[in-house]
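One structure is given below, encoded as structure tokens.
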Amino acid sequence: MSRLMLGRTLERICKAVLLLCLVHFLIMMILYFDVYSQRFDIFSRFNNGRNANASRGPHHYYYNYSSGRPNATFASYLAAADQLSPTAKPEANRTHTTPKPIPPCPEVPPGLVGRLLIEFSSQMTMEKVQRENPNVTEGGKYTPLDCRAKQKVAIIIPFRHRDHHLKYWLHYLHPILRRQKIDYGIYIINQLGEDTFNRAKLLNVGYTEALKDAEYDCFIFSDVDLIPMDDRNLYHCYDQPRHFAIAMDKFGFRLPYAGYFGGVSGLSKKQFLKINGFPNEYWGWGGEDDDIYNRITLNGMKVSRPDVRIGRYRMIKHERDKHNEPNPQRFNKIQNTKNTMRKDGISSLTYRLVSIKKYPLYTNISVEIGKPPPKPMKG
């Protein structure tokens, strides 16, 4: 008898436990679907509000989702819907993001490599150089994106019949200048015709025409056949006129003489005008760079130079250009710089502009600069 009663008691307990479990399960399912539906409703309204904002513009609004809790009434949902409207919030609560100011470029850019391997044996094409420099814009211009350069630099190259050299120059110099964080433009000053070449006069033309194109405050004058072998030789202007190419391979990586100012040099706009630019009367090879050195020293300035280990250059070997023979009058002219520099220079420059063409990697300026004066009669 007692065993029978014990069995019935256990049976009732099991049924009660099962019933409690079933009730608990039903309650959990009801709560689960109730909360899920509320959350779904909130997120759907949030998305609708965000889409509406996107169509109105890139403004930021604050919404109150506190009514989206369990036990919320229909009236509270309507209040929340009103808050989703962008016009419901006062203008004072809107946030406006201001662009972050661009910092100045560092004095020594962190991406410099140092000593470079320069060679001219591999084949070079303009298409290849263009692919290597996608960030260079039309006309051979570049501005750093992550910092603000302290100077805007025009690089001037006197030119005639040197297309092969130009490809190598652009191949090496564009990456170097970009690593140096230089804001620059490249100008090829092409002397038309086959009359005697005049390097210094072409540099004066480059200065003049570059200023018509942009507000440059620094000018680097470079021969097209000279490539720097170290990117720490920074192409910008200094407190004094700068001579960059102080150690060329053709001179055994030494300065040939103390007054040498040839190859690659740089002057600020103020320094350039102080010496009245460069002489216009040096027709043929040689002499103009010594005249420029004299102008600098006669105007109370000094030539600054990089360390000899950094100012190394490699020259592209070539035969001397036709119609650029050594100027036999250069030594007499150099001795008279003091008397000629005020009347012969940027103030007396004359030329005829023929064309300006902007290519992807440089700006080509073709000019006619006249002819040398007739040689004096002997006897």
Side-chain angles (χ1 to χ4, degrees), residues 111 113 116-145 149 152-194 197 199 202-203 205-207 209-210 212-214 216 219-231 233 235 244-245 248-249 263-264 266 313-324 353-369:
V113 177
L116 305 172
L117 176 63
I118 307 298
E119 58 86 21
F120 309 114
S121 59
S122 58
Q123 186 178 5
M124 194 61 57
T125 64
M126 283 296 184
E127 291 75 17
K128 178 182 178 181
V129 180
Q130 189 174 347
R131 289 195 301 269
E132 295 170 344
N133 300 278
N135 294 327
V136 175
T137 59
E138 185 183 44
K141 295 181 179 180
Y142 175 79
T143 300
L145 300 178
K152 193 171 183 65
V153 181
I155 301 177
I156 313 297
I157 299 179
F159 188 87
R160 186 168 65 181
H161 307 323
R162 293 287 196 90
D163 299 272
H164 177 66
H165 295 171
L166 181 59
K167 296 172 187 177
Y168 286 103
W169 192 95
L170 295 169
H171 165 70
Y172 285 112
L173 265 296
H174 270 304
I176 290 174
L177 295 169
R178 287 190 286 111
R179 288 197 301 271
Q180 293 181 353
K181 302 295 182 182
I182 305 295
D183 183 350
Y184 67 90
I186 293 175
Y187 297 86
I188 308 300
I189 314 303
N190 180 37
Q191 179 177 337
L192 295 176
E194 298 300 328
F197 196 69
R199 176 180 181 270
L202 291 173
L203 297 180
V205 172
Y207 170 88
E209 292 297 326
K212 295 178 183 179
D213 190 40
Y216 293 105
F219 300 85
I220 308 294
F221 305 97
S222 175
D223 290 343
V224 73
D225 56 1
L226 287 176
I227 311 297
M229 300 176 66
D230 196 310
D231 62 2
N233 195 358
Y235 271 38
F244 296 95
M248 300 182 196
D249 56 352
V264 185
Y313 278 75
R314 191 169 297 282
M315 174 179 283
I316 306 174
K317 294 182 179 180
H318 60 89
E319 301 293 330
R320 185 177 299 279
D321 300 324
K322 293 181 179 180
H323 309 292
N324 191 29
L353 176 64
V354 176
S355 66
I356 299 177
K357 296 181 180 180
K358 293 192 175 185
Y359 295 98
L361 300 172
Y362 63 94
T363 297
N364 185 86
I365 300 175
S366 295
V367 293
E368 293 178 352
I369 60 173

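For reference, positions follow the sequence shown, starting with 1.
- Counting heavy atoms from C-beta on, the side chains of Glu209 and Leu353 come closer than 4.5 Å.
- The side chain to side chain contact (heavy atoms under 4.5 Å, CB included) with Pro360 is formed by just one residue from the set Glu127, Met126, Gln130, Glu138; it is Gln130.
- The shortest side-chain heavy-atom distance between Val224 and Leu166 falls under the 4.5 Å cut-off.
- Ring pair Tyr168/His164 is perpendicular by interplanar angle, where above 60° counts as perpendicular and below 30° as parallel.
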Could you pull out every donor-acceptor pair under 3.5 Å between side chains of residues 172-185 and any protein atom, sequence neighbours left out?
{"from": "Tyr172", "atom 1": "OH", "to": "Glu119", "atom 2": "N", "distance (Å)": "3.0"}
{"from": "Tyr172", "atom 1": "OH", "to": "Glu119", "atom 2": "O", "distance (Å)": "2.6"}
{"from": "His174", "atom 1": "ND1", "to": "Tyr184", "atom 2": "OH", "distance (Å)": "2.7"}
{"from": "His174", "atom 1": "NE2", "to": "Leu361", "atom 2": "O", "distance (Å)": "3.0"}
{"from": "Arg178", "atom 1": "NE", "to": "Asn133", "atom 2": "OD1", "distance (Å)": "3.4"}
{"from": "Arg178", "atom 1": "NH2", "to": "Asn133", "atom 2": "OD1", "distance (Å)": "2.7"}
{"from": "Arg179", "atom 1": "NE", "to": "Asp231", "atom 2": "OD2", "distance (Å)": "3.0"}
{"from": "Arg179", "atom 1": "NH2", "to": "Asp231", "atom 2": "OD2", "distance (Å)": "3.3"}
{"from": "Gln180", "atom 1": "OE1", "to": "Tyr235", "atom 2": "N", "distance (Å)": "3.0"}
{"from": "Gln180", "atom 1": "NE2", "to": "Asp231", "atom 2": "O", "distance (Å)": "2.8"}
{"from": "Gln180", "atom 1": "NE2", "to": "Asn233", "atom 2": "O", "distance (Å)": "3.0"}
{"from": "Lys181", "atom 1": "NZ", "to": "Asp146", "atom 2": "OD1", "distance (Å)": "3.2"}
{"from": "Lys181", "atom 1": "NZ", "to": "Asp146", "atom 2": "OD2", "distance (Å)": "3.1"}
{"from": "Asp183", "atom 1": "OD1", "to": "Thr143", "atom 2": "OG1", "distance (Å)": "3.1"}
{"from": "Asp183", "atom 1": "OD1", "to": "Lys152", "atom 2": "NZ", "distance (Å)": "3.3"}

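- Take Tyr362 and apply the ring-ring contact (aromatic ring centres under 6.0 Å, His included) test, not counting sequence neighbours, and it matches Tyr359.
- Using a 4.5 Å heavy-atom threshold, the side chains of Val264 and Phe221 count as separate.
- Judged as a side chain to side chain contact (heavy atoms under 4.5 Å, CB included), and not counting sequence neighbours, the contacts of Lys141 are Thr137, Tyr187, Asp213, Tyr216, Lys358.
- Counting only heavy atoms from C-beta outward, the side chains of Leu192 and Val367 never approach each other to under 4.5 Å.
- Taking Glu132 as the reference, His171 meet the side chain to side chain donor-acceptor pair (under 3.5 Å) condition, with sequence neighbours excluded.
- Shown here are the salt bridge (Lys or Arg N to Asp or Glu O under 4.0 Å) partners of Lys128, two or more places apart in sequence or in another chain: there are none.
- In terms of the side chain to side chain contact (heavy atoms under 4.5 Å, CB included) criterion, residue partners of Asp230 (sequence neighbours excluded) are, by chain and number, Arg115, Arg232, Ile310.
- Under 3.5 Å, the side chains of Gln191 and His161 contain no donor-acceptor pair of N or O atoms.
- Counting only heavy atoms from C-beta outward, the side chains of Ile188 and Ile365 never approach each other to under 4.5 Å.
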